[in-house]
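Working notes, structure below.
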Amino acid sequence: MYSRSWSTPATEGSVGSPAFVAEHGLWDDARLAAAEQIRAGLDGIDFVRLVWGDPHGLVRSKTLTARTFRGVLRNGMNYSPGPFLKDTACTTAVDYRGEHGTGVDEIAGLGNFVLVPDPLTFLVLPGEGARTAWVIGDEYLRDGRPHPLSSRHVLHRVLAGYEERGLTPVLGLEVEWYLARRLDDEPGNEGNGFGLQGPAPRVAAMNAGYQFNLDAAYDTVAPVTDPLALALLELGLPVRSMEHEMGPGQVETTFDPMAALDTADAMLFFRVFTKRWCAARGLHASFMSQPAIAGADPSGWHLNQSVLETATGRNVFSAEGLSAGLSPTSKAYAEGLQDWLRDLFLLSVPTVNGYQRLGTRHALSPTRVGLSLESRTAMLRVVGSGAGAHIENRIGEPSANPYLNIAAQLFAGLEGLGAFDGAAGGAADGPREGSDTVPQSLREALEAFRTGRAAKLLGDPLAIVLTKVKESEVSRYEAWARGASPVPGQVTEWEQREYFAAF
């Protein structure tokens, strides 16, 4: 059969900026070496999904042929900034046509940014059919500077602060999520549009729930979660356990401790891969905190954290004797978390639905601001002793942007350490504004974010954009609620449509 050879002389130059990575010196030795390994193995790959996390932590991607990716690996990929500017229902919340007020010139007219693959995140996905790889990208302006709206770059900046002090954060993930059976294949497009999410997937619970860690309850999810855990292990993610939680079909997945950037990348991948894995089996996985499933118990994201001396590997959170298992340094870190709580709470609980979990009707809800030995009612729980001493922060919801949630906590802890250093042995004094409870609604968290110190972590452009997109989200909910009169404590149709499928 005759096959024409189509000429594409400008392919590599069209996908980004020629030699963008080399020109701006974006990679260290480890990434350069990983890139060479990837290039050598691309003949065994059909497609590469180049992905990044938007401000909500939702994954955006383009699927590239392996041939195209060879050029992208050196040049980066041109990408529209549209996902930076939209709320959770794809409403454009930042006016890119006029005076957008973000301080980022490229936003005007939706000018492209450059997405550069991080070779250290390259994974070849399991499965039949096309051989597909997955890689996370970092966002840059066209002049090679980190993009001011990039969540991953926020975490990079925070980690640079730890490196300057000779410290290395270590984090452990505990993530709760829901597994349910799909009742039909309807796409949910009826009434869909910008800012108007269609019907949520129709599902049935996997079991009755409310038998915590019951072995028989785990049997109902094991045919899915066991092979899922094995697939994740094969991909290099350090899965520790799969457990059946309290709610009907509620699963908790825990991981071994990891470096901070690895932890955020793992969370981003884990959510996407889990949803993909379950969907291929006629099931639905959701990281929405409390879905509208009868008897659903809210899901949380517990982030275990400690800090090591980089040179020695010593855990600076450990203490000798009876000191609640923590050193004075770690108490200063914890006081930093409390001091910055209200300013940055939006980054840990960023959805309307996430506040369903924080009501007083939930006995173990982490609504009390404080540090407590082993207590599950406090925001910060001290766990372990000696080399294993760490702080478990229990406020996060599982749909939070992993880069921003982790960056917020590590930044606040580092600020606490700085206050400790500058106060001759004393640290910051507890939560600001005299509040001993966490915000109780997205509106309350947004107002604290808007009037607080968040820009010190995020920079002005990202703080402005997050304020706008979250204002759009909460305003749409409030407008709906005025006509619907929702029952307090009950998950609304609006929440189910907004979050159940996307997250």
Q) Judged by atom type as modelled, is there a donor-acceptor pair below 3.5 Å linking the side chain of N353 to the main-chain atoms of Q290? A) yes
Q: Decide whether D265 and Y403 meet the rule of one side-chain donor and one side-chain acceptor closer than 3.5 Å.
A: yes
**Q.** Charged N-O contact under 4.0 Å between E495 and R497
**A.** no
Q) Is it true that D43 and R70 make a salt bridge, defined as a side-chain N closer than 4.0 Å to a carboxylate O? A) yes
Q: To the nearest 0.5 angstrom, please state how far the CG atom of N207 sits from the CD atom of Q250.
A: 10.0 Å
Q: Might you point out which heavy atoms bring L183 and A204 nearest each other, and give the distance in Å?
A: CD2-CB, 3.8 Å
Q) Going through the distances and angles, do F69 and F47 end up as a ring pair (Phe, Tyr, Trp, His ring centres under 6.0 Å)? A) CA-CA 8 Å; F69 185 72; F47 298 105; over 10 Å; no
Q. Side chains of L120 and W27: closer than 4.5 Å at any heavy-atom pair?
A. no
Q: Flag yes if more than 12 heavy atoms outside D185 fall under 6.0 Å of its CG atom; otherwise flag no.
A: no
Q.
Below 30° counts as parallel, above 60° as perpendicular, anything between as tilted: where do the rings of F503 and Y499 land?
A. tilted
Q.
Any heavy-atom pair between the side chains of L85 and T102 that's under 4.5 Å?
A. no
Q | Point-to-point distance, once rounded to the nearest 0.5 Å, from NE2 of H56 to CG of L58 | A | 6.5 Å
Q) Around D143, counting heavy atoms of other residues, nucleotides and ligands shown, do more than 12 lie under 6.0 Å from its CG? A) yes
Q) If we ignore angles and hydrogens, is there a donor and acceptor under 3.5 Å between the side chains of Q409 and N393? A) yes
Q) Is the side chain of R271 donor-acceptor paired with the backbone N or O of P398 at a distance under 3.5 Å, no angle test? A) yes
Q) Is NZ or CZ of K470 both nearer than 6.0 Å to the six-membered ring centre of F449 and within 45° of the ring axis? A) no
Q: Would you give the length of the straight line joining atom OG of S151 to atom CG of N405, rounded to the nearest 0.5 angstrom?
A: 11.5 Å
Q. Relative to the ring of Y79, is the ring of F113 parallel (under 30°), tilted (30 to 60°) or perpendicular (over 60°)?
A. parallel
Q. Where is the tightest heavy-atom contact between S318 and A389, given as atom of each residue plus distance?
A. CA-CB, 4.1 Å
Q.
Nearest 0.5 Å, please: how far is CZ in R145 from OH in Y140?
A. 13.0 Å
Q) Stepwise, does the salt bridge (charged side-chain N to carboxylate O under 4.0 Å, His left out) test hold for D118 with R152? A) CA-CA 11 Å; D118 182 343; R152 200 166 189 257; 3.0 Å; yes
Q. Of all heavy-atom pairs between W301 and P402, which one has the smallest distance, and what is that distance?
A. CH2-CA, 3.6 Å
(Q) Is it the case that the side chains of S299 and S289 hold a donor-acceptor pair, with the cut-off being a distance below 3.5 Å and no angle test? (A) no
Q: Find the distance between OG1 (T92) and CG (D87) and round it off to the nearest 0.5 Å.
A: 8.5 Å
Q) side-chain contact (heavy atoms from CB on, under 4.5 Å) between L115 and L50: does it pass, once the steps are laid out? A) CA-CA 8 Å; L115 186 63; L50 177 55; 3.7 Å; yes
(Q) Would you say that more than 12 heavy atoms from the other residues, nucleotides or ligands in this model lie under 6.0 Å from the CD of E163, or not? (A) no
(Q) One pair to check against side-chain hydrogen bond (donor to acceptor under 3.5 Å, both in side chains): T91 and S472. What are the steps and the verdict? (A) CA-CA 8 Å; T91 304; S472 176; 4.6 Å; no
Q. Got L261 and L155 here, is their nearest side-chain heavy-atom distance under 4.5 Å?
A. yes
Q. Would you call V307 and N315 a side-chain contact if the rule is heavy atoms closer than 4.5 Å?
A. no
Q: Tell me, with the steps shown, if E392 and R394 meet salt bridge (charged side-chain N to carboxylate O under 4.0 Å, His left out).
A: CA-CA 6 Å; E392 179 189 58; R394 307 180 64 252; 3.7 Å; yes
**Q.** Gap between atom NE2 of H147 and atom CD of E106 - 0.5 Å precision
**A.** 6.5 Å
Q.
Please identify which of these residues, W277, W134, F122, meets the ring-ring contact (aromatic ring centres under 6.0 Å, His included) condition with F269.
A. W134
Q) Are the aromatic rings of F287 and F270 close, with centres under 6.0 Å apart? A) yes
Please list every donor-acceptor pair under 3.5 Å in which a side-chain atom of residues 166-180 meets a protein atom from a residue at least two apart or in another chain.
unit_1: T168; atom_1: OG1; unit_2: T310; atom_2: OG1; d: 2.7
unit_1: E174; atom_1: OE2; unit_2: N304; atom_2: ND2; d: 3.0
unit_1: E176; atom_1: OE1; unit_2: G300; atom_2: N; d: 2.8
unit_1: W177; atom_1: NE1; unit_2: T253; atom_2: OG1; d: 3.0
unit_1: Y178; atom_1: OH; unit_2: D297; atom_2: N; d: 2.7
unit_1: Y178; atom_1: OH; unit_2: D297; atom_2: O; d: 2.7

Q) T65 versus T68: any side-chain heavy-atom pair under 4.5 Å? A) yes
